[in-house]
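Take a look at the structure set out below.
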Amino acid sequence: MPELPEVEVVRAGLHPAVTGAVVSHVAILEPRSLRRHDGPAEDFVDRLTGATLLSAVRRGKFLWFPFVPERVAPGDRSLALVAHLGMSGQVLLRDREQPDDRLLRIRLDLVHPDHGDVRLAFVDQRIFGSMALDVTEPTADGAEAGFSGAGLLGHSEPGDPALVDPARVDAGPGGPGGRPPAWALSIPHQVAHIARDPLDPAFDEALFFSRLAARRSGIKRALLDQELISGIGNIYADESLWASKLHFDQPSSSLSRRKAALLLVEIRAVLLKALGEGGTSFDQQYVNVNGQSGYFSHSLNAYGQQGRPCPRCGTLIERVSFMNRGSHFCPRCQRLRG
DNA sequence: AAACAGCCCTGAGTGC
DNA sequence: TGCACTCAGGGCTGTT
């Protein structure tokens with residue numbers, strides 16, 4: 001269930017290892033993990049082998065690595081390696097000497113000028129995740145396509161309260177006042193339709209509120225729509241709605257502007273807190289690039305808490321099926337209104 | 001255009 | 001011990 005905080009932890013962990021690294025070898029152990037790649041596995045291998053990775057970038061739950069191929073012809077379009085973790089995907093940093101992980105699907109061997117050899121292992125139990133090569137295009141609003149550089153985690157340690165201070169957000173690839181490189185202003189074609197996430201400095205709040213007001217469907221459905229607001233999955237939708245005292249099926253259009261603004265504040269707070277705790281792990285489904293679990297599962301108020309007392313009022317949390325997913329909520333705090 | 005059902009996918013967990 | 005069954009849900013496609 002990697003959502004924004006989990007994907008950001010992975011991205012931040014990969015960034016120093018991949019930036020400036022050259023891909024020396026690519027192995028596809030499971031072709032279905034290339035479902036989003038437009039072309040055969042051989043094409044993926046050929047174009048990526050010898051390439052130099054420029055950065056690790058994230059928007060919502062999508063991760064990508066802009067790269068320069070080994071051979072570049074004039075007029076070639078810029079490319080990126082796109083990764084989505086789906087439900088159970090992991091990207092792990094391994095030594096080449098280590099035996100393969102059991103559910104390894106794709107393996108990239110990298111040579112880094114400073115860090116030496118490193119192996120990037122794409123592990124995915126359910127094969128809902130994928131990797132692909134894709135052309136990039138300029139962002140529609142001209143702003144940076146997503147988070148790169150040190151990003152949200154900055155130089156802090158997990159648990160550092162400074163993590164929840166947006167003023168500490170890293171200035172990005174160009175540095176303070178610097179002009180971002182071309183790759184930072186470009187987004188892979190298959191990610192271009194994804195909305196900016198709520199931690200993105202270029203997130204358009206006014207657009208979010210107006211689109212929310214135009215929808216008659218339930219608020220949870222809206223929060224899970226990655227074309228409206230990205231990065232939120234089932235866990236953080238339930239947590240944000242609990243924090244906002246909103247019922248999952250409350251029509252989006254029924255929210256006042258003030259209530260919608262409060263919801264956005266809670267969404268950001270939940271995401272930042274989870275980020276500071278290294279993400280949400282239940283078992284081995286989500287781990288960082290070193291295989292370590294996050295701690296946010298200890299901070300959950302609603303998700304997976306059915307049968308336990310609501311931390312706010314003591315009423316037992318309920319779980320119902322909604323949109324083919326579990327929805328967890330407090331029947332007293334989160335009443336359907338209007 | 002928006003809403004929504006259906007599909008993909010398999011290891012872990014459970015009950016017998 | 002082993003078998004059948006259930007569960008988890010993000011993103012995309014197609015239909016209404």
Side-chain angles (χ1 to χ4, degrees), chain A residues 1-8 10 28-38 58-64 82-91 100-106 122-132 134 187-197 207-208 210-241 248-254 271 274 279-287 291 293 297 300 302-307 319-329:
Chain A
M1 288 139 267
E3 305 178 27
L4 189 156
E6 293 78 31
V7 180
E8 175 59 20
V10 170
I28 310 299
L29 292 85
E30 174 50 82
R32 289 175 297 175
S33 292
L34 293 179
R35 187 177 299 117
R36 297 175 70 97
H37 179 70
D38 185 20
R58 180 195 56 77
R59 175 186 289 199
K61 306 172 197 171
F62 279 86
L63 199 57
W64 69 91
V82 181
H84 196 290
L85 303 180
M87 283 295 298
S88 54
Q90 305 173 347
V91 184
D100 284 345
D101 293 273
R102 195 163 53 87
L103 300 169
L104 181 70
R105 310 301 189 191
I106 296 172
F122 183 73
V123 175
D124 188 9
Q125 181 204 116
R126 274 170 253 182
I127 322 183
F128 274 29
S130 65
M131 281 189 159
D134 199 4
I187 189 162
H189 177 73
Q190 60 183 254
V191 189
H193 67 290
I194 299 295
R196 290 185 178 279
D197 62 64
L207 179 64
F208 173 66
S210 65
R211 291 185 67 186
L212 214 52
R215 287 193 182 221
R216 303 221 306 277
S217 60
I219 183 63
K220 181 167 177 179
R221 185 180 294 278
L223 295 184
L224 293 176
D225 182 350
Q226 305 297 302
E227 297 188 33
L228 175 66
I229 183 171
S230 68
I232 302 171
N234 205 40
I235 296 173
Y236 299 111
D238 281 1
E239 290 301 305
S240 302
L241 291 171
F248 56 85
D249 210 14
Q250 185 74 38
S252 298
S253 57
S254 72
L271 294 176
T280 304
S281 301
F282 295 108
D283 36 42
Q284 287 303 303
Q285 286 295 356
Y286 161 71
V287 293
S293 296
S297 57
L300 293 170
Y303 184 87
Q305 305 303 302
Q306 60 271 22
R319 180 187 189 278
V320 298
S321 189
F322 177 73
M323 289 178 68
N324 294 321
R325 291 163 174 79
S327 269
H328 313 76
F329 68 108

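Chain A is the first sequence line, chain B the second, and so forth, proteins listed ahead of strands; every chain is numbered from 1.
Applying the ring pair (Phe, Tyr, Trp, His ring centres under 6.0 Å) criterion to Tyr236(A), with sequence neighbours excluded, gives Phe296(A).
Backbone-only engagement by Arg102(A) is indicated by non-hydrogen atom pairs under 4.0 Å involving sugar-phosphate atoms exclusively. Contact annotation for Gly129(A): no contact, since no heavy-atom pair falls under 4.0 Å across all strands.
Closest heavy-atom contact between Asp134(A) and His189(A): OD2-N, 3.2 Å. Ile229(A) and Ala222(A) get closest at one heavy-atom pair: CG2-O, 4.2 Å. In terms of heavy-atom proximity, Ile127(A) sits nearest to Arg35(A) at O-NH1, 3.5 Å. Considering every non-hydrogen atom in both Arg36(A) and Gln190(A), the closest pair reads NE-OE1, 2.9 Å.
Aromatic ring orientation, Phe248(A) versus Phe322(A): tilted (interplanar angle from 30° to 60°).
In terms of position along DNA chain B, the nucleotide closest to Arg215(A) lies nearer the 5' end than the nucleotide closest to the other residue of the pair Asn324(A) and Arg215(A).
Residues Phe208(A) and Leu228(A) have side chains in contact (heavy-atom distance under 4.5 Å, counting atoms from C-beta outward).
If you measure from atom OH of Tyr303(A) to atom P of dA8(C), you get 8 Å, rounded to the nearest angstrom.
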Margin query: Does the protein touch nucleotides 10-16 of chain C at the base, only the backbone, or not at all? Give it as B, S and - per nucleotide, heavy atoms under 4.0 Å.
Written below: BSS----
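Within a 6.0 Å radius of CG in Asp38(A), other residues, nucleotides and ligands contribute 12 heavy atoms or fewer.
Using a 4.0 Å cutoff to heavy atoms of chain A, the contacted part of DNA chain B runs 5' to 3' from dA3(B) to dA12(B).
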